[in-house]
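In this chain, residues are counted from 1 in sequence order.
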Amino acid sequence: MYWVETIVCSGRQGVQARLQRLLRVRQEFKRRQSGCVAAWVGSSPENEDMLLVQSIYQSQAEWKAISEMIQTTFDTEDGGIESLLLGPPLVGLFQVEPGDFPVSP
């Protein structure tokens with residue numbers, strides 16, 4: 001069962017570009033980890049400041065391990081993204097059957 005992490009967020013005025021850079025770096029890091037199937041950042045066509053951050057993991061254990069690596073690797077270096085957010089993000093975890101979500105190797 002794949003685990004899909006979905007985050008919808010917006011940056012505070014004046015720090016949107018920094019937030020996007022930090023999110024893209026984190027997503028690239030996730031893509032390089034063996035337990036991550038895919039990871040990306042998208043913006044809303046109506047409001048470029050609204051961001052969709054999604055990651056697909058092979059299992060709950062992989063999601064947890066990679067999330068902890070992000071915290072210890074990046075958040076300690078750059079202070080994390082929380083201070084850049086306009087408000088609390090909308091966060092969800094979902095399960096998807098691998099056969100229902102075709103992913104190229």
**Q** Is there a path of hydrophobic side-chain contacts, each under 4.5 Å between heavy atoms of I/L/V/M/F/W/Y residues, joining L23 to V91?
**A**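 Per the 4.5 Å side-chain linkage, V91 and L23 are co-clustered.
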**Q** Could you check if a side-chain atom of Y57 sits within less than 4.5 angstrom of a side-chain atom of E5, using non-hydrogen atoms only?
**A**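 Yes, at least one pair of side-chain atoms sits under 4.5 Å.
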**Q** Closest heavy-atom contact between L84 and L22?
**A**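 L84 and L22 have their closest heavy atoms at CD1-CD1, 3.4 Å.
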**Q** Transitively linked via ILVMFWY side-chain contacts under 4.5 Å: L52 with L93?
**A**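 Result: no, two separate clusters.
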**Q** Looking at Q16 and G14, what are the two nearest heavy atoms and their distance?
**A**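 Nearest pair, atom of Q16 first, then G14: OE1-N, 3.0 Å.
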**Q** What side-chain donor-acceptor pairs closer than 3.5 Å can you find for residues 33-43, not counting sequence neighbours?
**A**
residue : atom : partner : partner atom : Å
Q33     : NE2  : F29     : O            : 3.0
W40     : NE1  : Q54     : OE1          : 3.4

**Q** Are more than 12 heavy atoms from other residues, nucleotides or ligands located less than 6.0 Å from atom CD of E48?
**A**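 Open.
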**Q** Verify the cluster assignment for F74 and W63: are they in a single hydrophobic cluster under the rule of side-chain heavy atoms below 4.5 Å apart?
**A**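 Yes, it is one cluster - the side chains of F74 and W63 are joined through contacts under 4.5 Å.
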**Q** Looking at CG of D100 and CE of M1, how far apart are the two atoms once the value is rounded to the nearest 0.5 Å?
**A**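 Reported value, rounded in 0.5 Å steps: 9.0 Å.
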**Q** Hydrophobic clustering (ILVMFWY, side-chain heavy atoms < 4.5 Å, transitive) - are L51 and L85 grouped together?
**A**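 They do share one cluster, since a chain of ILVMFWY contacts under 4.5 Å joins L85 to L51.
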**Q** May I ask you to test the V96-I56 pair for a side-chain heavy-atom distance under 4.5 Å?
**A**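 When only atoms from C-beta onward are counted, I56 and V96 do not touch, as no gap falls below 4.5 Å.
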**Q** Counting only heavy atoms not in Q95, do more than 12 fall under 6.0 Å of its CD?
**A**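 Buried by this count: over 12 neighbours within 6.0 Å.
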**Q** To the nearest 0.5 Å, tell me how far L19 CG sits from R12 CZ.
**A**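 Here the rounded value is 9.5 Å.
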**Q** Decide whether I70 and V25 are clustered together by the hydrophobic rule: side chain heavy atoms of Ile, Leu, Val, Met, Phe, Trp, Tyr closer than 4.5 Å, transitively.
**A**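 Both belong to a single hydrophobic cluster.
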**Q** Could you list the residues that satisfy side-chain hydrogen bond (donor to acceptor under 3.5 Å, both in side chains) with E97, not counting sequence neighbours?
**A**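 side-chain hydrogen bond (donor to acceptor under 3.5 Å, both in side chains) list for E97, sorted by chain: empty.
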**Q** Could you give the distance from CD (Q27) to CD (Q20), rounded to the nearest 0.5 Å?
**A**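 Reported value, rounded in 0.5 Å steps: 12.5 Å.
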**Q** Any ion pair linking D78 and R21 (charged N to carboxylate O, less than 4.0 Å)?
**A**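 Result for this pair is no, no salt bridge flagged.
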**Q** Do P89 and I81 have side chains that approach each other closer than 4.5 Å (heavy atoms only, starting at C-beta)?
**A**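 No, too far: nothing below the 4.5 Å cut-off.
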